[in-house]
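We number each residue from 1, following the sequence as shown.
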Amino acid sequence: MGRDWWRGAVIYQIYPRSFQDSNADGIGDLKGITERLPHVASLGVDSIWLSPIFSSPMDDMGYDVSDYRDIDPVFGTLEDFDALVARAHELGLKVIIDQVLSHSSDRHPWFVDSKKRGSKADWYVWADPKPDGAPPNNWQSVFGGSSWEWAPERGQYYLHNFLISQPDLNLRNPEVQDEMLDVLRFWLDRGVDGFRLDTVNYYIHDAEFRDNPPMPPDPERWPPLSTYDMQDHAYDKNRPENLDFIARMRTLLDEYENRCMVGEVGEVPHRALRLMADYTSGDAHLHMAYSFDMLGPKFTPAHFRKVLEGFFKSAPDGWPSWSFSNHDVNRHVTRWASHGAQDAIAKLAISMLASFQGTIGLYQAEELGQTETDLVYEELTDPPGLRFWPENKGRDGCRTPMVWDGAMNGGFSAVKPWLPVKAPQLARNVAAQEVDPASVLHHYRAMLAFRGASSALKEGHTRFLDLPDPVLGFTREAASERLTCLFNLGAEPVTLTGIIGTPTGPAMAATVEDGVVNLGPNGFVWLC
């Protein structure tokens, strides 16, 4: 791969707790991941992304870090990590790891010291109470309630955009920035190829602690489940100074060869695409970014066109990363179940995604057409689900173990796993789909091979076609290739006329003759 290997790449996300348990404790680990890497390589992806594996109390399953330079014992050791990186590289896979720089665990030694006003006194975001003892402002936590928590040891409030046990680091402090850059250097020196930056738009807060304004009601999402979504988050995140710190990170990565950063932009649609553009334009910030615009319930040609056109209009020299599922949202085969049969939706989704301009991300088990696991309250571990049940069931349903075969626990573990493997998920296992040439797994491999061999799909520009609903159509054109991409997002057949071309690629439920294209339910085709 060249210097810009990440541009147009396919990144496979691994949730370490749920990929493979190698030591029979019911929790996935690094040795288990290493054992299963040949499966990942067989898909034809370019890189893996590991969700957090650092030392942590696991209040938020690793997104509450207590030591940024060590592996949590539940996952293994630094030596296990080095072996995983070496094996991935042998298989031709790059390795991207999560970095949670906006906040730490409250059990991190830095925070313990900060509460005591020690040498790290200004390493977290502290503020005095109002005269009546109320918090400094109206900022809300993503996980519910005020984002300020009183610390009697210090006589001040500290900021936590997420759990109370996840205090926000003060990245306005140059010392904190320097420390975090040194953390990145530690992992770069161990051979990682890049970072996925958690909540990248949360790093810098408003220096004046101004109140957030109210969010204008959106008929499609109002009233929201959480008071967090009733605010327009102009001041507790998304600050323009954030770009200065990101630029420092980019300068560090540019000291190394072939490394990259992909940032998670957690924001509502009216601002997310603009932030993605700001954060990726030029060559001084992130290499690429992703938002939640394609991780929700909308499944219309107009929506996908609006997102794709919107990004490239805002950032013609920027670069996006698109995905349909990850560890934070319901699996897309379940989200979009009303638009077709499960296998058809799974095959249609990867065919669309692999045809989009940008880098693409896959979430473990989506290559099986895996569905969301239906859990009862007693099975939950995720804080939002525990707090807001049943209106919000949390994220555990997409985090259940990878299913490798039809045995008990799906080949994931010899003992009861940390989250259950239930019958609907057990039915979608790797071993069964390996022997079925019509399986979702085989279509994923065929689709990723088609993308990998196509300069148009990896590098080409996009021009959308004005077609009747529910058809999404566009051309992708590079110097040496031009493809017309047609996708029926509906469960009923459609006929298109006046479209010329010869079918190519792993099409489904499609016929083309004399300029007439017939697409069956969820059918798709590429024309050259």
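- The aromatic ring centres of F299 and W336 sit less than 6.0 Å apart.
- Heavy atoms only, all atoms of each residue included: V95 and A88 are closest at CG2-CB, 3.6 Å.
- Checked against a 6.0 Å centroid threshold, the rings of H332 and Y363 do not count as neighbours.
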- Task: Evaluate the salt bridge (Lys or Arg N to Asp or Glu O under 4.0 Å) criterion for residues E179 and R69: first the C-alpha distance (whole Å), next the side-chain angles of each, then the deciding distance (0.1 Å), finally the verdict.
- Result: CA-CA 11 Å; E179 179 67 22; R69 295 178 177 86; 2.8 Å; yes
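- One side chain, R36 or Q20, offers a donor N or O that lies under 3.5 Å from an acceptor on the other.
- N201 and E267 are not linked by any side-chain donor-acceptor pair at a separation below 3.5 angstrom, with hydrogens and angles left out of the test.
- No donor-acceptor distance shorter than 3.5 angstrom exists from the side chain of D4 to the backbone of R7, with no hydrogens or angles considered.
- Taking each heavy atom of I96 and C260 in turn, the nearest pair found is CD1-SG, 4.1 Å.
- The side-chain hydrogen bond (donor to acceptor under 3.5 Å, both in side chains) test applied to H443 returns S351, not counting sequence neighbours.
- In this view, F195 satisfies the ring pair (Phe, Tyr, Trp, His ring centres under 6.0 Å) rule with no residue, not counting sequence neighbours.
- Between V125 and L169, the shortest heavy-atom distance links the atoms CG2-O, 3.8 Å.
- Looking at K120 and D122, no side-chain N of the basic residue comes within less than 4.0 Å of a carboxylate O on the acidic one, giving no salt bridge.
- Side chains of D64 and H103: a donor-acceptor N/O pair is absent below 3.5 angstrom, by distance only.
- Side-chain polar atoms of S325 and E366 form no donor-acceptor pair below 3.5 angstrom.
- Donor-acceptor pairing under 3.5 Å is lacking for the side chains of E264 and T199.
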- Should Y228 and H233 be marked as a ring-ring contact (aromatic ring centres under 6.0 Å, His included) after you check the CA-CA gap, both sets of side-chain angles, and the distance that decides it? CA-CA 9 Å; Y228 182 84; H233 294 273; 3.8 Å; yes
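- For the pair K94 and W5, the cation-pi criterion (under 6.0 Å, within 45° of the ring axis) is fulfilled.
- No side-chain donor from either of Q140 and S147 sits under 3.5 Å from a side-chain acceptor of the other.
- A donor-acceptor contact closer than 3.5 angstrom links the side chains of W418 and S18.
- For the residue pair R248 / Q177, a side-chain donor-acceptor distance below 3.5 Å is found, with atom types taken as modelled.
- For the pair L441 and V430, the tightest heavy-atom approach, listed with the atom from each and the gap, is CD2-O, 4.1 Å.
- Taking the six-membered ring where the residue is Trp, F209 and H205 present parallel rings, their angle staying beneath 30° rather than reaching 60°.
- Listed by chain and residue number, nothing satisfies the side-chain hydrogen bond (donor to acceptor under 3.5 Å, both in side chains) test with D113 (two or more places apart in sequence, or in another chain).
- With sequence neighbours left out, the side-chain hydrogen bond (donor to acceptor under 3.5 Å, both in side chains) criterion links E372 to no other residue.
- Side-chain N/O atoms of R445 and S42 include a donor and acceptor closer than 3.5 Å.
- Looking only at atom types and distance, the side chain of T251 has no donor-acceptor partner in the side chain of D254 under 3.5 Å away.
- Nearest approach of G410 to V421, heavy atoms of both residues: N-CG1, 4.4 Å.
- A parallel orientation is assigned to the rings of F111 and W126, their planes being inclined by less than 30° (bins at 30° and 60°).
- No side-chain N or O of E241 forms a donor-acceptor pair with one of Y203 less than 3.5 Å apart.
- Residues P417 and D21 form no side-chain contact, since every pair of their non-hydrogen atoms from C-beta on lies 4.5 Å or further apart.
- Here the shortest heavy-atom pairing between I204 and L171 reads CD1-O, 3.4 Å.
- In this structure Q99 satisfies the side-chain hydrogen bond (donor to acceptor under 3.5 Å, both in side chains) test with no other residue, sequence neighbours excluded.
- With R239 contributing its side chain and A234 its backbone, the two residues share a donor-acceptor pair below 3.5 Å.
- Side-chain contact between I246 and L286: present, with at least one pair of heavy atoms (C-beta onward) separated by less than 4.5 Å.
- Residues D72 and S56 bring no donor and acceptor atom of their side chains to less than 3.5 Å of each other.
- Under 3.5 Å, the side chains of D232 and N212 contain no donor-acceptor pair of N or O atoms.
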- When you look at N23 and D29, which way does the side chain to side chain contact (heavy atoms under 4.5 Å, CB included) test go after all the steps? CA-CA 8 Å; N23 61 355; D29 47 52; 3.2 Å; yes
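- Looking only at distances, a side-chain donor or acceptor of Q166 sits under 3.5 Å from a matching main-chain atom of L163.
- Here the two rings, on W148 and H160, have centers that are 6.0 Å apart or farther.
- Side chains of Y279 and R274: a donor-acceptor N/O pair is absent below 3.5 angstrom, by distance only.
- Between D382 and K393 no salt bridge is recorded (no basic side-chain N to carboxylate O distance below 4.0 Å).
- In this model, no donor atom of one side chain and acceptor atom of the other lie less than 3.5 Å apart for D46 and Y12.
- For F311 and W319, the ring centers are positioned 6.0 Å apart or more.
- Under the ring pair (Phe, Tyr, Trp, His ring centres under 6.0 Å) criterion, F143 pairs with F162, not counting sequence neighbours.
- Ring geometry for H327 against Y63 counts as parallel: the plane angle stays under 30°, on a 0 to 90° scale with 60° as the upper cut.
- The shortest side-chain heavy-atom distance between N330 and R395 does not fall under the 4.5 Å cut-off.
- S165 contributes atom OG, which lies 3.5 Å from atom CG of D59 (distance to the nearest 0.5 angstrom).
- Side-chain contact annotation: T400 with T373, donor-acceptor N/O pair under 3.5 Å present.
- Aromatic ring centres of Y68 and W187 lie farther apart than the 6.0 Å criterion allows.
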